[in-house]
Amino acid sequence: LSLSNGVNTYITQLQKDTMTSYPITVEAQSIDITSIMEAGRNMQGELDAPADHDLDAVYSNVGDMEMASTVTSSITENNLTKFKEYLDNPDSEIHSYVGENGITYSYGTKFSVYTYDPEGVLVNTDGSTLKSKSSGADSMYSMETMMSASSNNFEELMPGTGGELIGAAVTDSYQLVYGSWPSSYDQIVIVLNKNNEISSNDLYELGFLPSSEYKELMKKIENGEEVRPQISSWSYDDICGHTFTLVPECDAYVKSDSGFFEKLTRTEDIEHLIEDGVKLTVSGIIKPNDDNSNPSIYNSVGYTSALTDYLIEHTENSQVVEAQLASPDTNVLNGARFSPADDEAKISDARNYVAALSVSDKASMCREMLTAAYAGNPDTAHSLLSMSDAQLAEQLEAMCSGKGVETEQRLLAIYDAYISSGSYDENMSSFGYVSTDAPAGINIYTDRFEDKEAVTDCIKAYNKTVEKEDEISYTDYVGLLMSSVTTIVNVITYVLVAFVAVSLVVSSIMIGIITYISVLERTKEIGILRAIGASKRNISQVFNAETFIIGLCSGLIGIGTTLLLLIPGNAIIHALTDNTDVTAALPLGSGIVLILLSMLLTVIGGLIPAKKASRKDPVTALRAE
């Protein structure tokens with residue numbers, strides 16, 4: 001039982017660790033990987049199979065087209081708002097199978113995180129500044145790119161239940177090397193690997209190493225030169241307390257003189273935003289435990305759900321989001337309608353857009369239009385482009401203020417090139433706005449493979465209760481990677497249970513045999529007892545008491561022997577497996593139950609011999625030798 005308990009404990013922990021790394025994932029836009037893999041296998045099978053046509057000409061193979069069609073058709077949109085309502089309902093059946101890590105929601109919050117490298121150069125931690133074609137803060141690679149997405153090196157840590165910022169799945173799998181776990185939204189942790197390392201690429205992106213050094217190394221690699229970077233190190237004190245500056249995506253949009261919102265892209269504007277940004281402080285350093293074979297954090301910096309909540313609230317109350325919410329039909333970036341009814345509406349929007357532009361913006365647009373129009377006549381183009389901004393602005397107004405087919409075509413071209421900008425949802429997404437009712441992804445954690453299968457059954461049952469467009473398509477990574485593990489675990493468990501069951505059956509038979517032998521050897525004593533007045537019941541009680549005492553003593557001896565044998569036994573197991581994952585241990589409750597079971601089995605095993613002894617004839621028993 002101790003060995004069985006040790007192996008089962010190991011299996012249970014293995015399942016929990018696996019489920020922590022591979023939950024059932026439901027995303028707003030899902031790809032049915034299972035269907036793609038099946039299509040790939042079918043395609044390979046068709047290539048290996050004999051041709052279904054004569055080999056007398058050149059034939060086309062349409063497998064690649066079918067594969068592309070399968071990939072495209074496997075992309076589905078999930079209504080996570082409705083599904084979240086189902087998950088938030090405490091009466092939903094799915095909650096019976098959810099593990100201790102619960103259900104977590106992820107949101108597509110957009111932000112950028114900046115810091116200064118050792119040389120004082122401003123860097124974006126998503127790595128965009130490392131792609132700069134020239135060094136220095138004033139020549140940064142595309143500030144618009146820098147502000148376009150969340151930092152790739154930052155990852156939200158799994159929250160706990162009951163409002164805890166850090167879940168047990170993280171604290172159980174990772175050890176705190178230095179400092180403390182985050183306790184507020186503006187605290188973060190640095191994540192090391194088991195060897196206390198961070199990849200050099202991440203260190204450059206996070207600004208711990210100078211950008212110029214990285215660019216020089218990349219230049220040497222591109223030229224085919226051998227590169228041997230030096231290994232750098234920092235003390236824990238140097239890392240803890242280090243600060244980064246977070247700028248929410250919505251803060252990059254400010255209202256211009258035209259009354260529309262525009263995105264800041266100039267270096268000086270970004271630096272101004274950084275001054276008012278959120279200061280993120282490194283509160284601790286963590287790394288995976290030695291027995292953590294499935295790390296659940298894949299990036300170098302971890303932040304809490306409190307930061308996500310802060311970003312959601314901050315973005316919702318930002319000026320650009322409030323303006324767009326107030327005008328759902330009009331693009332606050334250019335004043336145009338998202339869905340103009342016809343060309344006449346597009347022309348009207350284009351006129352309004354041009355009229356609201358500043359002189360410099362009008363001049364810039366006019367230069368682009370003249371350059372395209374006189375591409376084949378460079379002398380005329382040069383003459384026109386040499387005009388001042390005011391003259392070019394007047395020229396644009398003249399070209400757009402007239403009437404006629406030519407002017408309308410010109411305004412339609414301006415609309416298509418400068419105004420047509422997607423939809424309301426795309427705008428809100430670019431502002432970083434998310435609704436807590438519409439998560440970007442849902443992770444459902446279970447503790448056992450059987451529970452995982454039950455959760456998938458609950459999702460299938462949910463799909464039967466909703467409309468076709470609201471059905472949920474999900475990715476079961478455990479099912480893809482470990483489809484046979486459940487069977488293996490069950491077989492191991494059944495074998496261990498069988499060992500225990502066999503030992504109990506054998507021991508019960510042996511107890512009966514031993515008691516029967518005792519009866520045969522003490523036949524004359526039975527006759528004497530009967531002769532002095534003992535009843536049949538008294539004779540049964542004598543042997544039942546004997547088997548009871550044997551059961552009690554054997555149970556105590558067995559438990560004591562087990563505890564002693566576990567010491568060398570575990571040493572042998574650990575030496576053979578080269579780890580301490582499997583440790584045989586006898587639970588206290590199980591030990592007590594075993595002693596009671598030992599007494600019960602011995603009494604049951606001795607009932608028949610005791611009954612047989614009580615029925616012996618006293619005269620015959622006295623004559624026995």
Side-chain angles (χ1 to χ4, degrees), residues 1-9 11-12 450 489-570 572-573 582-625:
L1 183 64
S2 298
L3 290 172
S4 173
N5 177 66
V7 174
N8 280 329
T9 300
I11 292 172
T12 300
E450 292 84 355
V489 170
N490 288 337
V491 169
I492 294 174
T493 303
Y494 298 151
V495 169
L496 294 173
V497 170
F499 286 157
V500 177
V502 168
S503 67
L504 292 178
V505 173
V506 172
S507 63
S508 297
I509 296 174
M510 291 304 297
I511 290 167
I513 293 173
I514 292 170
T515 307
Y516 181 66
I517 293 174
S518 177
V519 170
L520 293 178
E521 292 180 347
R522 299 165 63 185
T523 303
K524 192 169 185 177
E525 294 178 23
I526 294 172
I528 294 173
L529 289 172
R530 291 296 305 273
I532 63 176
S535 64
K536 292 183 179 180
R537 181 180 179 184
N538 294 144
I539 300 300
S540 296
Q541 288 174 340
V542 168
F543 286 98
N544 286 336
E546 180 180 321
T547 54
F548 177 84
I549 294 172
I550 291 174
L552 176 61
C553 293
S554 64
L556 292 173
I557 294 172
I559 295 298
T561 306
T562 295
L563 295 176
L564 289 175
L565 290 177
L566 286 181
I567 298 173
N570 280 325
I572 295 173
I573 293 173
V582 180
T583 300
L586 184 65
L588 175 62
S590 298
I592 296 173
V593 171
L594 279 175
I595 295 174
L596 297 175
L597 184 61
S598 176
M599 293 186 292
L600 177 64
L601 288 175
T602 53
V603 171
I604 293 174
L607 285 176
I608 295 177
K611 194 72 173 177
K612 189 175 181 64
S614 68
R615 291 178 179 175
K616 283 187 176 293
D617 183 80
V619 177
T620 305
L622 285 171
R623 292 175 181 173
E625 293 294 340

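- Side-chain atoms of Ser2 do not come within 3.5 Å of backbone N or O of Ala584 as any donor-acceptor pair.
- Taken to the nearest 0.5 Å, the CG atom of Leu596 stands 11.0 Å off from the CG atom of Leu601.
- Nearest approach of Leu566 to Ala585, heavy atoms of both residues: CD1-CA, 4.2 Å.
- Remark: Ser507 pairs with no residue by the side chain to side chain donor-acceptor pair (under 3.5 Å) rule, at least two apart or across chains.
- Taking CD1 of Ile549 as the start and CG of Asn544 as the end, the distance is 11.0 Å to the nearest 0.5 Å.
- When the shell of 6.0 Å around CD1 of Ile608 is examined, it contains 12 or fewer heavy atoms from other residues, nucleotides or ligands.
- Ile573 has its side chain within reach of Leu3: a pair of non-hydrogen atoms, C-beta onward, lies under 4.5 Å apart.
- Considering all non-hydrogen atoms of both residues, Leu556 and Ile595 come closest at CD2-CD1, 3.6 Å.
- Note that the CG atom of Leu552 and the CD1 atom of Ile550 stand 11.0 Å from one another [nearest 0.5 Å].
- Closest approach of Thr562 to Leu586, counting heavy atoms only: CG2-CD2, 4.5 Å.
- Residue-environment remark: CG (Leu564) exceeds the threshold of 12 foreign heavy atoms within 6.0 Å.
- Separation of atoms CG (Leu565) and OG1 (Thr561) is listed at 6.5 Å; rounding is to 0.5 Å.
- To the nearest 0.5 Å, atoms CD1 (Ile517) and CE (Met510) are separated by 7.5 Å.
- One distance of note links CD1 of Ile539 with CZ of Arg537; it measures 13.0 Å at 0.5 Å rounding.
- In terms of the side chain to side chain donor-acceptor pair (under 3.5 Å) criterion, residue partners of Ser535 (sequence neighbours excluded) are, by chain and number, Asn538.
- Looking at heavy atoms from C-beta onward, Asn5 lies in side-chain contact with Pro587 at the 4.5 angstrom threshold.
- Contact detail for Ser598 and Gly551: the closest heavy-atom pair is OG-O, 2.8 Å.
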